[in-house]
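Just so you know, ligand 1 is whichever comes first in the structure, and atom 1 is the first atom listed for that ligand. Computation of the quantities below employed the complete heavy-atom set of this structure, encompassing side-chain atoms and omitting hydrogens, waters and symmetry-equivalent molecules.
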Amino acid sequence: MRQLDIFSLVGRVAIVAGGGGGIGSSLAEALAGAGAKVAVAGRTRESCEATLERVRAAGSEGLAITADMTSEADCERMVQETLEQFGRIDILVNAVGGGAGKALHAAERYPRSDWDWIMELNVRSTVLPTQAVVRTMIEQGRDGRILNISSVRASLGINAGYSAYVAAKGAINSLTRQWATEWARYGIRVNAIMPTFVDTPQVAMLLEDPAFKAGIVGRIPLGRVGETRDIVGPAIFLCSDAASFVTGQVLGIDGGLTATQ
Ligand SMILES: NC(=O)c1ccc[n+]([C@@H]2O[C@H](COP(=O)([O-])OP(=O)(O)OC[C@H]3O[C@@H](n4cnc5c(N)ncnc54)[C@H](OP(=O)(O)O)[C@@H]3O)[C@@H](O)[C@H]2O)c1
């Protein structure tokens, strides 16, 4: 065995929830490039199918599943469709979330409607697919790997009306540790990555403001925001045998931002 084989995902089956998105589509392509078969799930068929093309171009097989990760029935159907096609599930990447830039309010007047929306988009959309997939992983009786996408906002306040988002990502970090603790007995590892701003369509509007972008970049020691390619290596590592003794961890991908606080 070559040393780099510990990073290989050949023979593994992954689901990327939110696989049509900026980060999710890059991760789906990367998992495929590392050898995994990839089910791409999201609410919009076109974006999932576009990612499926990237999976195929990376040399693997895949499946596009139109499903809402805030629906228990859809999450269950996503699991069944993946099992019918590929026979097993080894990896779940939870890449649904965000919304922060569209729900900015003073903390003392944060409206319940946006609070509930952000919690639904970030927390419920992570909990439901994870529950459905982990029930299958437990039945399979093999190891499994869950990767959550958190944000540096779980650890850092920002003076820009982010109350609900920081609370949601804090919950993701806590659940990462809780699930790792509960499911270690089944050989299921649960980790999270915690990026700072990553240049995706979702944050393009915020980053278009030169003053906002300069403020962000000025606090990042490596002097730039993230790119989706920055997420790929850490994600492959955490989903592979290279991280066989790593669970319950939240890895910052932030150009050194959290190190400065
Ligand atoms: N971009 C950043 O700067 C950044 C930084 C730190 C952390 N993050 C986190 O990284 C994750 C991905 O962010 P991103 O920038 O890639 O966002 P994105 O491009 O908006 O991707 C999110 C994807 O999730 C899908 N989605 C939303 N609600 C869904 C639901 N209920 N069921 C199924 N799919 C749903 C969306 O597609 P449909 O609407 O078509 O379903 C979209 O494809 C989020 O958790 C975000 O908080 C992002």
Checklist entry - Contact residues of ligand 1 with a heavy-atom cut-off of under 4.0 Å? => result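 Close residues (ligand 1, cut-off 4.0 Å): G18, G20, G21, G22, I23, G42, R43, T44, A67, D68, M69, T70, A95, V96, G97, G98, L121, N122, I149, S150, S151, Y165, K169, P195, T196, F197, V198, T200, Q202, V203.
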Next on the checklist: Check this for me: does any side-chain nitrogen of one of D241 and R12 sit under 4.0 Å from a carboxylate oxygen of the other?
Outcome noted: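 Yes, this pair counts.
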Checklist entry - Are any of the side-chain nitrogens in R124 or D116 under 4.0 Å away from the carboxylate oxygens of its partner? => result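 The answer is no: the pair does not qualify as a salt bridge.
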Checklist entry - Under 3.5 Å, is there a donor-acceptor pair between the side chain of D74 and the main chain of D68? => result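 Looks like yes, one N/O pair under 3.5 Å.
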Checklist entry - Quick check: does any side chain N or O of S151 sit under 3.5 Å from a backbone N or O of K169, one acting as donor and the other as acceptor? => result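 Absent.
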Checklist entry - With Y110, which residues qualify under ring pair (Phe, Tyr, Trp, His ring centres under 6.0 Å), at least two apart? => result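 With neighbours one apart ignored, the set is H105, W115.
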Checklist entry - From I158 CD1 over to I216 CD1, what is the distance, rounded to the nearest 0.5 angstrom? => result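 These two atoms lie 4.5 Å from each other.
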